[in-house]
Amino acid sequence: MIRVPACPTGTGTGSGTTIFTEMTALAQRTGAVNLGQGFPDTDGPPAMLEAARTAIAAGANQYPPLAGLPELREAIVAQRALRYGTHYHPDNEVLVTTGATEALAAALLAHCAPDDEVIVFEPYYDSYAASIALARGRRRVVPMRPDATGRFGFDPGDLSAAVSRRSRVLLLNSPHNPTGTVFDAEELAAIADCCQRNDLVAVTDEVYEYLTYDGAVHTPLATLPGMRERTLSISSAGKTFSATGWKVGWVCGPTHLLEPVRRVKQYLTFASGTAFQVAVAQALGTQQPWVRAQAARLQANRERLRASLVATGLTPYACQGTYFLQADIRPLGTADGIRFCRELPHRAGVAAIPSAVFYDDPADGLPIVRFVFCKEPEVLDEAARRLAGLTTPYHQEAV
């Protein structure tokens, strides 16, 4: 039997409960504005929602094929070709999954043998560590650090140093949660070179592919020379169409990499979300104007939240994409982000996530806190009003 550590990354509370569960429950108990967990408080495009209702009424309520509905696989292929110029065959190079999380877990279970190493950029989303642990692999981190502009990036030397003869998979998340970094051409070239020199399988989490700001452009690693045949590209409808509860994800890649993922997936969920798959297939082809408008709304929300954090005395970092804005809490006279987040709902009626939980060593991210901005403007304004009272109490406690 595979035993998964209760807190493989320090993200739990000691009982196997994730920090997201803890902070959401705390927000509910205290009536806090929840800027912790990354889900929007508005629904996706009305036409997509109506398509799901129509599909349910029409009887799309039983198992879909293991690989996903043909119309969704074809829509995914068309989307990747049109947007990125990468071409996949819908029959054997696309697999629909129960969200991107299942796709990531299945990919790691398929391609990571016991004691194989997985290269991951740190800070990293907590499910990565859990999936690596399930595969009985070993995590090797490449640290991301902020530059003078507040943008998190990595040193290619650290990437090279993380690779050993046991390295098998490189896991890349771009746009990146929690830092908001969109990896640029130079960074992607270094990653591609590393994968090819060391014969690594690349697994890319691209769920925020449409949610980029200030002209930042998401470039899939699979589009770089020599990378399509060694890359599994993962995305989902959840973030793109503000339908995180639908759990419709997918993975694209060459048959020799995808077939092992398919074999694993059949023993996880087998298949799910038939009516939702119908709706997402239609949305991929028709709702791009809504997606572009949503990205513009989120960029405005980011600026709204940034202004309130600055007014509170926090120091926000750069954010080129995703739902998340990180901030340094040290200007408030405290450096313990975990304690800060556990006290914040009581002190100010706002919930956030300590970025320390995204690090192997929580001390590396202890002064950083992650806030979400995928909320209605009035919700962000209420959070700003509540946060405004933080400065004095924390400065009084400073030593």
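FYI, the numbering just counts along the sequence from 1.
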Check whether any side-chain heavy atom of [X] lies under 4.5 Å from a side-chain heavy atom of [Y], and answer yes or no.
X: Arg262; Y: Gln266; result: no
X: Ile191; Y: Leu172; result: yes
X: Val248; Y: Leu72; result: yes
X: Phe340; Y: Pro354; result: no

Original post:
Does Arg138 CZ have over 12 foreign heavy atoms under 6.0 Å away?
Top reply: no
**OP:** Could you note down all residue pairs passing ring-ring contact (aromatic ring centres under 6.0 Å, His included) where residues 83-112 supplies at least one of them, sequence neighbours left out?
**Re:** Tyr84-His218
Donor-acceptor contact present, side-chain [X] to main-chain [Y], <3.5 Å:
X: Thr204; Y: Leu221; value: no
X: Arg139; Y: Val118; value: no
X: His176; Y: Tyr124; value: no
X: Arg140; Y: Ala162; value: yes

**OP:** May I ask you to decide if the ring planes of Phe154 and Phe183 are parallel, tilted or perpendicular, using 30° and 60° as cut-offs?
**Re:** tilted
Original post:
Would you call the rings of Tyr125 and Phe20 parallel, tilted or perpendicular, where under 30° means parallel and over 60° means perpendicular?
Top reply: tilted
Original post:
Can you list the steps and then say if Phe324 with Phe371 is a ring-ring contact (aromatic ring centres under 6.0 Å, His included)?
Top reply: CA-CA 6 Å; Phe324 310 108; Phe371 297 86; over 10 Å; no
Will you find, in the side chains of [X] and [Y], an N or O donor that is under 3.5 Å from an N or O acceptor?
X: Gln320; Y: Thr181; result: no
X: Gln79; Y: Glu209; result: yes
X: Tyr208; Y: Asn173; result: no
X: Thr149; Y: Asp147; result: yes

**OP:** Apply side-chain hydrogen bond (donor to acceptor under 3.5 Å, both in side chains) to the pair Thr18 and Thr21, showing each step before the final yes or no.
**Re:** CA-CA 5 Å; Thr18 72; Thr21 300; 3.2 Å; yes
**OP:** Test Arg197 against Asp193 for salt bridge (Lys or Arg N to Asp or Glu O under 4.0 Å), laying out the working first.
**Re:** CA-CA 6 Å; Arg197 282 189 295 105; Asp193 178 66; 2.7 Å; yes
Original post:
Hey, does the Lys NZ or Arg CZ of Lys375 hover above the aromatic six-ring of Phe39, less than 6.0 Å from the centre and inside 45° of the axis?
Top reply: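 Ring-cation test returns yes.
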Subject >> Check against side-chain contact (heavy atoms from CB on, under 4.5 Å), Arg342 and Glu22 >> reply: CA-CA 9 Å; Arg342 285 178 170 149; Glu22 179 188 351; 2.7 Å; yes
**OP:** Please assess Arg80 against Glu93 for the test salt bridge (Lys or Arg N to Asp or Glu O under 4.0 Å), listing each intermediate value before the final yes or no.
**Re:** CA-CA 12 Å; Arg80 302 298 287 191; Glu93 294 188 316; over 6 Å; no
Subject >> Candidate pair Arg230 and Asp199, rule salt bridge (Lys or Arg N to Asp or Glu O under 4.0 Å), full reasoning >> reply: CA-CA 8 Å; Arg230 64 171 64 249; Asp199 193 24; 3.3 Å; yes
